[in-house]
Amino acid sequence: MTSVILKPHKEESLKRFHPWVFSGAIARVILDAKHQADTPQEGELVAVYSASHEPLGVGHWQIGSIAVRILAFGVEQLPADFWNERIHAAYQMRVTLGLKDTFRLVHGEGDFLPGLIVDIYAETAVIQAHSIGMHLYRHDIAKAIINNVPQVKNIYYKSDDTLPFKAPVEGEKTCWLIPPTDTQNEEFWSSENGLSFRIDWLKGQKTGFFVDQRENRALVERYAANKDVLNMFCYTGGFSLYALRGGAKTVDSVDVSQKAIDLVNINVARNFPDAHNHTAVTADAFEYLSAQKAAGRTFDLIILDPPAFAKHRDAIKNALRGYQRINAKAIEMIRPGGILFTFSCSQAVDKEAFRLAVFSAAAQVGRKVRILHQLHQPQDHPINIYHPEGEYLKGLVLYVE
Ligand code: SAH
(Lines give C-alpha, C1' and ligand atoms only; values in the text may rest on other atoms or scores of the structure.)
Protein backbone atom coordinates (compact mmCIF):
# COMPACT_ATOMS: atom_id res chain seq x y z
CA MET A 1 0.00 0.00 0.00
CA THR A 2 1.10 3.58 -0.63
CA SER A 3 2.55 5.28 2.48
CA VAL A 4 2.02 8.91 3.43
CA ILE A 5 4.65 10.32 5.81
CA LEU A 6 3.73 13.44 7.78
CA LYS A 7 5.96 16.37 8.71
CA PRO A 8 7.21 16.41 12.31
CA HIS A 9 4.48 17.22 14.91
CA LYS A 10 1.68 16.99 12.32
CA GLU A 11 0.38 13.73 13.86
CA GLU A 12 -1.23 15.43 16.88
CA SER A 13 -4.74 15.90 15.45
CA LEU A 14 -4.80 12.31 14.09
CA LYS A 15 -3.89 11.02 17.54
CA ARG A 16 -6.95 12.90 18.79
CA PHE A 17 -9.04 11.05 16.16
CA HIS A 18 -9.66 14.02 13.88
CA PRO A 19 -10.10 12.19 10.56
CA TRP A 20 -8.57 14.63 8.04
CA VAL A 21 -4.96 14.93 6.84
CA PHE A 22 -4.36 18.25 5.11
CA SER A 23 -1.99 18.28 2.14
CA GLY A 24 0.26 20.83 3.89
CA ALA A 25 0.98 18.33 6.68
CA ILE A 26 2.53 15.76 4.33
CA ALA A 27 6.34 15.45 4.08
CA ARG A 28 6.40 12.76 1.37
CA VAL A 29 4.47 9.99 -0.31
CA ILE A 30 6.02 6.59 -1.01
CA LEU A 31 4.07 4.98 -3.84
CA ASP A 32 3.64 1.23 -3.96
CA ALA A 33 4.96 -0.72 -6.97
CA LYS A 34 1.76 -0.76 -9.06
CA HIS A 35 1.75 3.00 -9.70
CA GLN A 36 2.51 4.49 -13.08
CA ALA A 37 1.69 8.10 -12.17
CA ASP A 38 3.76 9.96 -9.61
CA THR A 39 0.88 10.58 -7.18
CA PRO A 40 -1.63 8.23 -5.57
CA GLN A 41 -4.92 7.66 -7.40
CA GLU A 42 -7.96 9.57 -6.15
CA GLY A 43 -9.84 7.23 -3.81
CA GLU A 44 -6.93 4.86 -3.22
CA LEU A 45 -6.37 3.42 0.27
CA VAL A 46 -3.18 4.79 1.82
CA ALA A 47 -1.41 4.20 5.16
CA VAL A 48 -0.40 7.31 7.12
CA TYR A 49 2.71 7.47 9.35
CA SER A 50 4.23 10.09 11.64
CA ALA A 51 7.69 11.51 10.90
CA SER A 52 9.06 8.84 13.27
CA HIS A 53 7.19 6.12 11.27
CA GLU A 54 4.52 5.40 13.84
CA PRO A 55 1.38 4.04 12.11
CA LEU A 56 -1.45 6.59 12.43
CA GLY A 57 -4.17 5.00 10.31
CA VAL A 58 -5.53 4.03 6.92
CA GLY A 59 -7.73 6.25 4.78
CA HIS A 60 -8.84 7.38 1.34
CA TRP A 61 -6.55 9.60 -0.71
CA GLN A 62 -8.15 12.68 -2.23
CA ILE A 63 -6.97 15.41 -4.56
CA GLY A 64 -7.40 18.72 -2.77
CA SER A 65 -6.61 20.43 0.51
CA ILE A 66 -7.92 17.46 2.52
CA ALA A 67 -5.50 14.82 1.18
CA VAL A 68 -6.54 11.82 3.28
CA ARG A 69 -9.75 10.99 5.15
CA ILE A 70 -8.98 8.38 7.78
CA LEU A 71 -11.22 5.32 8.07
CA ALA A 72 -9.35 3.34 10.73
CA PHE A 73 -6.90 4.84 13.25
CA GLY A 74 -3.65 3.28 14.46
CA VAL A 75 -3.51 0.50 11.83
CA GLU A 76 -1.59 -0.15 8.59
CA GLN A 77 -4.32 -2.19 6.85
CA LEU A 78 -8.11 -1.90 6.75
CA PRO A 79 -9.43 -4.72 8.99
CA ALA A 80 -11.03 -7.52 6.93
CA ASP A 81 -14.47 -7.04 8.52
CA PHE A 82 -14.29 -3.24 8.40
CA TRP A 83 -17.52 -2.38 6.52
CA ASN A 84 -19.61 -4.90 8.38
CA GLU A 85 -18.29 -3.75 11.74
CA ARG A 86 -18.84 -0.03 11.03
CA ILE A 87 -22.36 -0.44 9.59
CA HIS A 88 -23.27 -2.74 12.48
CA ALA A 89 -22.10 -0.12 14.99
CA ALA A 90 -24.05 2.63 13.18
CA TYR A 91 -27.21 0.53 13.17
CA GLN A 92 -26.87 -0.44 16.84
CA MET A 93 -26.82 3.25 17.72
CA ARG A 94 -30.09 3.84 15.78
CA VAL A 95 -31.64 0.85 17.56
CA THR A 96 -30.64 2.41 20.89
CA LEU A 97 -32.29 5.65 19.75
CA GLY A 98 -35.50 3.73 18.98
CA LEU A 99 -35.48 4.81 15.33
CA LYS A 100 -37.15 2.79 12.64
CA ASP A 101 -38.67 3.22 9.18
CA THR A 102 -37.15 6.62 8.28
CA PHE A 103 -33.72 7.52 9.67
CA ARG A 104 -30.12 8.32 8.79
CA LEU A 105 -27.98 5.22 9.19
CA VAL A 106 -24.60 6.77 8.38
CA HIS A 107 -23.70 10.42 8.85
CA GLY A 108 -20.15 10.65 7.47
CA GLU A 109 -17.53 11.57 10.06
CA GLY A 110 -20.24 11.38 12.76
CA ASP A 111 -20.26 7.60 12.21
CA PHE A 112 -16.49 7.37 11.58
CA LEU A 113 -17.13 6.91 7.85
CA PRO A 114 -15.97 10.17 6.23
CA GLY A 115 -17.52 10.75 2.81
CA LEU A 116 -20.49 8.41 3.27
CA ILE A 117 -24.18 9.16 3.84
CA VAL A 118 -26.85 6.46 4.09
CA ASP A 119 -30.54 7.21 4.64
CA ILE A 120 -33.12 4.50 5.26
CA TYR A 121 -36.67 4.71 3.92
CA ALA A 122 -38.76 1.66 4.86
CA GLU A 123 -37.30 -1.20 2.77
CA THR A 124 -34.82 0.95 0.85
CA ALA A 125 -31.42 2.34 1.76
CA VAL A 126 -30.16 5.29 -0.28
CA ILE A 127 -26.35 5.57 -0.34
CA GLN A 128 -24.62 8.82 -1.20
CA ALA A 129 -20.84 8.92 -1.68
CA HIS A 130 -19.02 12.22 -1.27
CA SER A 131 -15.60 10.79 -2.12
CA ILE A 132 -14.20 8.52 -4.82
CA GLY A 133 -12.91 6.27 -2.04
CA MET A 134 -16.46 5.58 -0.86
CA HIS A 135 -17.64 5.20 -4.46
CA LEU A 136 -15.10 2.40 -5.00
CA TYR A 137 -16.47 0.52 -1.97
CA ARG A 138 -20.17 0.99 -2.78
CA HIS A 139 -20.84 -2.74 -3.28
CA ASP A 140 -19.16 -3.70 0.02
CA ILE A 141 -21.17 -0.99 1.79
CA ALA A 142 -24.41 -2.26 0.20
CA LYS A 143 -23.65 -5.82 1.33
CA ALA A 144 -22.92 -4.66 4.88
CA ILE A 145 -26.24 -2.77 5.01
CA ILE A 146 -28.21 -5.82 3.85
CA ASN A 147 -26.40 -7.98 6.43
CA ASN A 148 -27.04 -5.63 9.34
CA VAL A 149 -30.29 -3.73 8.85
CA PRO A 150 -33.22 -6.17 8.83
CA GLN A 151 -35.78 -3.73 7.34
CA VAL A 152 -33.66 -3.06 4.21
CA LYS A 153 -34.31 -5.10 1.05
CA ASN A 154 -33.28 -2.68 -1.74
CA ILE A 155 -30.35 -0.34 -2.18
CA TYR A 156 -30.28 2.75 -4.36
CA TYR A 157 -27.03 4.58 -5.09
CA LYS A 158 -27.23 8.32 -5.72
CA SER A 159 -23.92 10.13 -6.08
CA ASP A 160 -24.35 12.10 -9.30
CA ASP A 161 -24.25 15.45 -7.52
CA THR A 162 -21.91 14.63 -4.67
CA LEU A 163 -18.77 13.04 -6.14
CA PRO A 164 -15.85 15.37 -6.88
CA PHE A 165 -15.42 16.11 -10.59
CA LYS A 166 -11.64 16.00 -10.54
CA ALA A 167 -11.22 12.31 -11.30
CA PRO A 168 -12.79 9.97 -13.84
CA VAL A 169 -15.08 7.46 -12.14
CA GLU A 170 -15.62 3.82 -13.01
CA GLY A 171 -19.21 2.56 -12.97
CA GLU A 172 -22.51 4.37 -12.69
CA LYS A 173 -22.92 7.16 -10.17
CA THR A 174 -26.68 6.79 -9.85
CA CYS A 175 -28.40 3.41 -10.11
CA TRP A 176 -29.94 0.54 -8.17
CA LEU A 177 -27.25 -1.57 -6.51
CA ILE A 178 -29.88 -3.99 -5.25
CA PRO A 179 -33.17 -3.36 -7.07
CA PRO A 180 -36.60 -4.10 -5.59
CA THR A 181 -38.13 -7.42 -6.62
CA ASP A 182 -41.40 -5.69 -7.56
CA THR A 183 -40.16 -3.81 -10.62
CA GLN A 184 -43.64 -2.41 -11.33
CA ASN A 185 -43.54 -0.35 -8.16
CA GLU A 186 -42.32 3.14 -8.89
CA GLU A 187 -43.75 4.78 -5.81
CA PHE A 188 -41.90 4.54 -2.53
CA TRP A 189 -43.37 5.62 0.79
CA SER A 190 -41.90 5.82 4.25
CA SER A 191 -43.28 7.06 7.54
CA GLU A 192 -42.01 9.49 10.14
CA ASN A 193 -43.78 9.74 13.51
CA GLY A 194 -46.86 8.14 11.94
CA LEU A 195 -47.07 10.46 8.91
CA SER A 196 -46.55 9.00 5.41
CA PHE A 197 -44.19 10.62 2.95
CA ARG A 198 -43.61 9.74 -0.67
CA ILE A 199 -39.85 9.58 -1.10
CA ASP A 200 -38.57 10.26 -4.60
CA TRP A 201 -34.82 9.70 -4.59
CA LEU A 202 -34.87 9.40 -8.39
CA LYS A 203 -35.98 12.98 -9.02
CA GLY A 204 -35.84 14.52 -5.55
CA GLN A 205 -33.13 16.51 -3.78
CA LYS A 206 -30.42 14.86 -1.65
CA THR A 207 -31.44 11.28 -0.86
CA GLY A 208 -35.11 12.19 -1.44
CA PHE A 209 -36.11 13.61 1.94
CA PHE A 210 -34.75 15.81 4.73
CA VAL A 211 -34.42 13.31 7.56
CA ASP A 212 -32.75 15.90 9.78
CA GLN A 213 -35.90 17.90 10.63
CA ARG A 214 -37.86 15.07 12.30
CA GLU A 215 -37.74 16.47 15.84
CA ASN A 216 -38.14 20.08 14.84
CA ARG A 217 -41.24 19.15 12.84
CA ALA A 218 -42.68 17.48 15.94
CA LEU A 219 -42.15 20.76 17.83
CA VAL A 220 -44.10 22.65 15.15
CA GLU A 221 -46.96 20.21 15.72
CA ARG A 222 -47.03 21.24 19.40
CA TYR A 223 -47.45 24.92 18.54
CA ALA A 224 -49.76 24.66 15.52
CA ALA A 225 -53.28 24.46 17.02
CA ASN A 226 -55.63 27.09 15.58
CA LYS A 227 -52.77 28.92 13.87
CA ASP A 228 -52.42 30.31 10.37
CA VAL A 229 -49.13 28.69 9.35
CA LEU A 230 -46.71 29.52 6.54
CA ASN A 231 -44.18 26.80 5.68
CA MET A 232 -41.57 28.55 3.55
CA PHE A 233 -39.02 26.39 1.66
CA CYS A 234 -41.37 23.47 2.28
CA TYR A 235 -39.80 20.86 -0.07
CA THR A 236 -42.08 17.77 0.25
CA GLY A 237 -44.12 19.37 3.03
CA GLY A 238 -42.59 17.85 6.18
CA PHE A 239 -43.47 20.75 8.49
CA SER A 240 -46.86 21.22 6.77
CA LEU A 241 -48.07 17.70 7.60
CA TYR A 242 -47.11 18.07 11.26
CA ALA A 243 -48.82 21.48 11.43
CA LEU A 244 -52.00 20.00 9.91
CA ARG A 245 -51.95 17.13 12.42
CA GLY A 246 -51.40 19.67 15.20
CA GLY A 247 -54.72 21.35 14.32
CA ALA A 248 -53.56 24.38 12.34
CA LYS A 249 -56.36 26.58 11.06
CA THR A 250 -54.65 27.02 7.68
CA VAL A 251 -51.30 25.93 6.23
CA ASP A 252 -49.61 27.55 3.23
CA SER A 253 -46.66 25.64 1.78
CA VAL A 254 -44.26 27.48 -0.54
CA ASP A 255 -41.29 26.25 -2.60
CA VAL A 256 -39.64 27.42 -5.81
CA SER A 257 -39.56 23.85 -7.16
CA GLN A 258 -42.67 22.63 -8.95
CA LYS A 259 -41.61 19.00 -8.36
CA ALA A 260 -41.50 19.68 -4.63
CA ILE A 261 -44.95 21.28 -4.66
CA ASP A 262 -46.38 18.28 -6.57
CA LEU A 263 -45.04 16.03 -3.80
CA VAL A 264 -46.48 18.27 -1.06
CA ASN A 265 -49.93 17.91 -2.64
CA ILE A 266 -49.52 14.12 -2.91
CA ASN A 267 -48.42 13.89 0.74
CA VAL A 268 -51.24 16.08 2.05
CA ALA A 269 -53.83 14.10 0.04
CA ARG A 270 -52.51 10.81 1.42
CA ASN A 271 -52.44 11.86 5.09
CA PHE A 272 -55.38 14.29 5.21
CA PRO A 273 -57.72 13.38 2.34
CA ASP A 274 -60.43 15.72 3.65
CA ALA A 275 -58.25 18.75 4.35
CA HIS A 276 -59.51 21.99 2.83
CA ASN A 277 -57.18 24.22 4.80
CA HIS A 278 -53.95 23.56 2.89
CA THR A 279 -52.60 25.61 -0.04
CA ALA A 280 -49.39 24.85 -1.95
CA VAL A 281 -47.73 27.56 -4.02
CA THR A 282 -44.75 27.43 -6.39
CA ALA A 283 -42.88 30.69 -5.85
CA ASP A 284 -39.59 32.31 -4.96
CA ALA A 285 -39.47 33.00 -1.23
CA PHE A 286 -38.44 36.65 -1.41
CA GLU A 287 -41.00 37.48 -4.09
CA TYR A 288 -43.74 35.57 -2.29
CA LEU A 289 -43.13 37.33 1.04
CA SER A 290 -43.05 40.77 -0.64
CA ALA A 291 -46.30 40.08 -2.50
CA GLN A 292 -48.06 38.78 0.64
CA LYS A 293 -46.90 41.78 2.62
CA ALA A 294 -48.21 44.14 -0.07
CA ALA A 295 -51.54 42.31 0.15
CA GLY A 296 -51.55 42.91 3.95
CA ARG A 297 -51.32 39.24 4.90
CA THR A 298 -49.99 38.06 8.27
CA PHE A 299 -49.42 34.67 9.94
CA ASP A 300 -49.36 33.21 13.47
CA LEU A 301 -46.53 30.80 12.77
CA ILE A 302 -43.88 30.91 10.06
CA ILE A 303 -41.26 28.25 9.29
CA LEU A 304 -38.16 29.30 7.33
CA ASP A 305 -35.95 26.37 6.32
CA PRO A 306 -33.90 27.65 3.36
CA PRO A 307 -31.20 25.72 1.48
CA ALA A 308 -27.60 26.38 2.61
CA PHE A 309 -26.96 30.04 1.76
CA ALA A 310 -23.18 29.51 2.26
CA LYS A 311 -21.76 26.41 0.62
CA HIS A 312 -18.18 27.62 1.28
CA ARG A 313 -16.38 29.80 3.81
CA ASP A 314 -15.86 32.61 1.27
CA ALA A 315 -19.64 32.95 0.86
CA ILE A 316 -20.33 33.58 4.56
CA LYS A 317 -20.78 37.35 4.33
CA ASN A 318 -23.39 37.12 1.58
CA ALA A 319 -25.09 34.26 3.35
CA LEU A 320 -25.45 36.27 6.56
CA ARG A 321 -27.00 39.11 4.56
CA GLY A 322 -29.40 36.59 3.01
CA TYR A 323 -30.40 35.21 6.43
CA GLN A 324 -30.95 38.71 7.76
CA ARG A 325 -33.08 39.68 4.76
CA ILE A 326 -35.34 36.63 4.75
CA ASN A 327 -35.78 36.70 8.53
CA ALA A 328 -36.65 40.40 8.53
CA LYS A 329 -39.30 39.75 5.88
CA ALA A 330 -40.77 36.92 7.95
CA ILE A 331 -40.69 38.71 11.33
CA GLU A 332 -42.56 41.63 9.75
CA MET A 333 -45.41 39.32 8.78
CA ILE A 334 -45.89 37.63 12.16
CA ARG A 335 -48.92 38.67 14.18
CA PRO A 336 -48.26 39.92 17.72
CA GLY A 337 -47.77 36.84 19.94
CA GLY A 338 -46.82 34.73 16.93
CA ILE A 339 -43.94 32.32 16.44
CA LEU A 340 -41.06 32.00 13.96
CA PHE A 341 -39.14 28.77 13.42
CA THR A 342 -35.98 29.79 11.58
CA PHE A 343 -33.14 27.51 10.41
CA SER A 344 -29.74 27.49 8.78
CA CYS A 345 -28.19 24.30 7.41
CA SER A 346 -24.99 26.07 6.24
CA GLN A 347 -22.09 24.30 7.93
CA ALA A 348 -19.89 27.35 7.33
CA VAL A 349 -22.25 29.63 9.32
CA ASP A 350 -21.93 28.77 13.02
CA LYS A 351 -24.73 29.20 15.53
CA GLU A 352 -23.42 32.50 16.92
CA ALA A 353 -23.20 34.03 13.44
CA PHE A 354 -26.68 32.79 12.56
CA ARG A 355 -28.11 34.14 15.79
CA LEU A 356 -26.48 37.50 15.07
CA ALA A 357 -28.09 37.58 11.61
CA VAL A 358 -31.51 36.87 13.15
CA PHE A 359 -30.84 39.49 15.86
CA SER A 360 -30.07 42.02 13.10
CA ALA A 361 -33.31 41.09 11.35
CA ALA A 362 -35.35 41.59 14.54
CA ALA A 363 -33.64 44.91 15.25
CA GLN A 364 -34.19 46.07 11.66
CA VAL A 365 -37.91 45.40 11.92
CA GLY A 366 -38.08 46.81 15.47
CA ARG A 367 -40.14 44.00 17.04
CA LYS A 368 -39.72 42.60 20.54
CA VAL A 369 -38.36 39.07 20.04
CA ARG A 370 -37.52 36.33 22.56
CA ILE A 371 -35.88 32.94 22.02
CA LEU A 372 -38.09 30.00 23.07
CA HIS A 373 -35.95 27.12 21.77
CA GLN A 374 -32.54 26.60 20.23
CA LEU A 375 -32.69 23.71 17.80
CA HIS A 376 -30.13 21.48 16.15
CA GLN A 377 -29.64 18.31 14.12
CA PRO A 378 -31.10 15.08 15.58
CA GLN A 379 -29.23 12.18 17.16
CA ASP A 380 -29.02 10.13 13.96
CA HIS A 381 -26.84 12.96 12.58
CA PRO A 382 -24.21 12.60 15.33
CA ILE A 383 -21.32 15.01 15.77
CA ASN A 384 -18.01 13.29 16.34
CA ILE A 385 -16.55 15.21 19.28
CA TYR A 386 -13.15 15.24 17.55
CA HIS A 387 -14.72 16.62 14.36
CA PRO A 388 -16.80 19.69 15.30
CA GLU A 389 -17.10 20.52 11.58
CA GLY A 390 -19.91 17.92 11.55
CA GLU A 391 -22.30 20.35 13.25
CA TYR A 392 -24.39 22.05 10.57
CA LEU A 393 -28.12 22.42 11.35
CA LYS A 394 -29.20 25.12 13.77
CA GLY A 395 -32.52 26.76 14.42
CA LEU A 396 -34.24 29.28 16.65
CA VAL A 397 -37.85 29.38 17.73
CA LEU A 398 -38.81 32.97 18.39
CA TYR A 399 -41.75 34.55 20.17
CA VAL A 400 -42.56 37.79 18.36
CA GLU A 401 -44.61 40.50 20.11
N1 SAH B 1 -38.20 22.22 5.02
C2 SAH B 1 -37.98 21.15 4.08
C3 SAH B 1 -36.56 21.15 3.51
C4 SAH B 1 -36.17 22.42 2.82
S5 SAH B 1 -34.84 22.24 1.70
C6 SAH B 1 -38.34 19.83 4.70
O7 SAH B 1 -38.70 19.81 5.89
O8 SAH B 1 -38.27 18.81 4.03
C9 SAH B 1 -34.83 23.79 0.91
C10 SAH B 1 -35.92 23.99 -0.11
O11 SAH B 1 -35.84 25.34 -0.55
C12 SAH B 1 -35.81 23.14 -1.37
O13 SAH B 1 -36.99 22.40 -1.53
C14 SAH B 1 -35.68 24.15 -2.53
O15 SAH B 1 -36.43 23.81 -3.69
C16 SAH B 1 -36.26 25.40 -1.91
N17 SAH B 1 -35.76 26.69 -2.45
C18 SAH B 1 -34.52 27.00 -2.87
N19 SAH B 1 -34.45 28.30 -3.23
C20 SAH B 1 -35.69 28.83 -3.05
C21 SAH B 1 -36.27 30.11 -3.24
N22 SAH B 1 -35.54 31.14 -3.69
N23 SAH B 1 -37.56 30.29 -2.94
C24 SAH B 1 -38.32 29.26 -2.47
N25 SAH B 1 -37.83 28.02 -2.27
C26 SAH B 1 -36.53 27.80 -2.56
Side-chain angles (χ1 to χ4, degrees), residues 102-104 117 119 121 126 128 161 189-193 195-201 203-221 224 229-246 248 251-268 271 278-293 301-311 315 318-319 321-327 329-330 333 340-347 349 375-378 380-381 392-397:
T102 306
F103 59 92
R104 176 154 290 193
I117 297 293
D119 286 334
Y121 303 115
V126 182
Q128 198 171 62
D161 300 330
W189 291 81
S190 196
S191 74
E192 185 186 84
N193 290 325
L195 292 163
S196 295
F197 289 91
R198 175 141 173 226
I199 317 281
D200 190 349
W201 46 78
K203 296 196 214 87
Q205 304 174 28
K206 308 269 170 132
T207 63
F209 189 63
F210 288 84
V211 189
D212 57 2
Q213 288 287 22
R214 178 181 56 244
E215 292 177 0
N216 303 330
R217 290 175 185 139
L219 190 61
V220 162
E221 180 172 359
V229 176
L230 170 62
N231 180 11
M232 178 55 73
F233 306 99
C234 64
Y235 190 44
T236 61
F239 286 103
S240 305
L241 293 197
Y242 283 76
L244 286 168
R245 190 165 69 180
V251 177
D252 286 38
S253 302
V254 181
D255 200 283
V256 77
S257 151
Q258 181 61 46
K259 273 192 238 156
I261 292 300
D262 292 344
L263 283 167
V264 177
N265 284 323
I266 289 169
N267 287 334
V268 171
N271 291 275
H278 178 259
T279 313
V281 181
T282 310
D284 167 77
F286 290 92
E287 286 171 18
Y288 178 88
L289 289 173
S290 299
Q292 298 300 307
K293 189 187 167 206
L301 197 166
I302 298 180
I303 300 131
L304 286 184
D305 183 22
F309 281 172
K311 298 235 166 28
N318 275 342
R321 250 182 252 129
Y323 287 122
Q324 180 180 339
R325 235 179 102 215
I326 193 87
N327 278 282
K329 277 187 174 298
M333 293 181 66
L340 174 65
F341 278 69
T342 183
F343 296 95
S344 163
C345 60
S346 305
Q347 189 271 333
V349 174
L375 306 178
H376 38 80
Q377 64 213 61
D380 53 344
H381 294 58
Y392 72 102
L393 183 64
K394 53 246 147 223
L396 294 168
V397 184

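For ligands, and for the atoms within them, numbers begin at 1 and follow the listed sequence.
- In this structure S191 satisfies the side-chain contact (heavy atoms from CB on, under 4.5 Å) test together with D101, sequence neighbours excluded.
- A224 is linked by a side-chain contact (heavy atoms from CB on, under 4.5 Å) to A243, A248, counting only residues two or more places apart in sequence or in another chain.
- Summarising the local packing, CZ of R325 is surrounded by 12 or fewer heavy atoms from other residues, nucleotides or ligands at distances under 6.0 Å.
- Here F239 and F343 bring their ring centres to under 6.0 angstrom of each other.
- Proximity of a side-chain donor or acceptor of S344 to a complementary backbone N or O of K394 within less than 3.5 Å is not detected.
- For D255, there are no salt bridge (charged side-chain N to carboxylate O under 4.0 Å, His left out) partners at least two apart in sequence or on another chain.
- The contact shell of ligand 1, taken as protein residues with any non-hydrogen atom closer than 4.0 angstrom, comprises Q205, F210, R217, F233, C234, Y235, F239, D255, V256, S257, A283, D284, A285, D305, P307.
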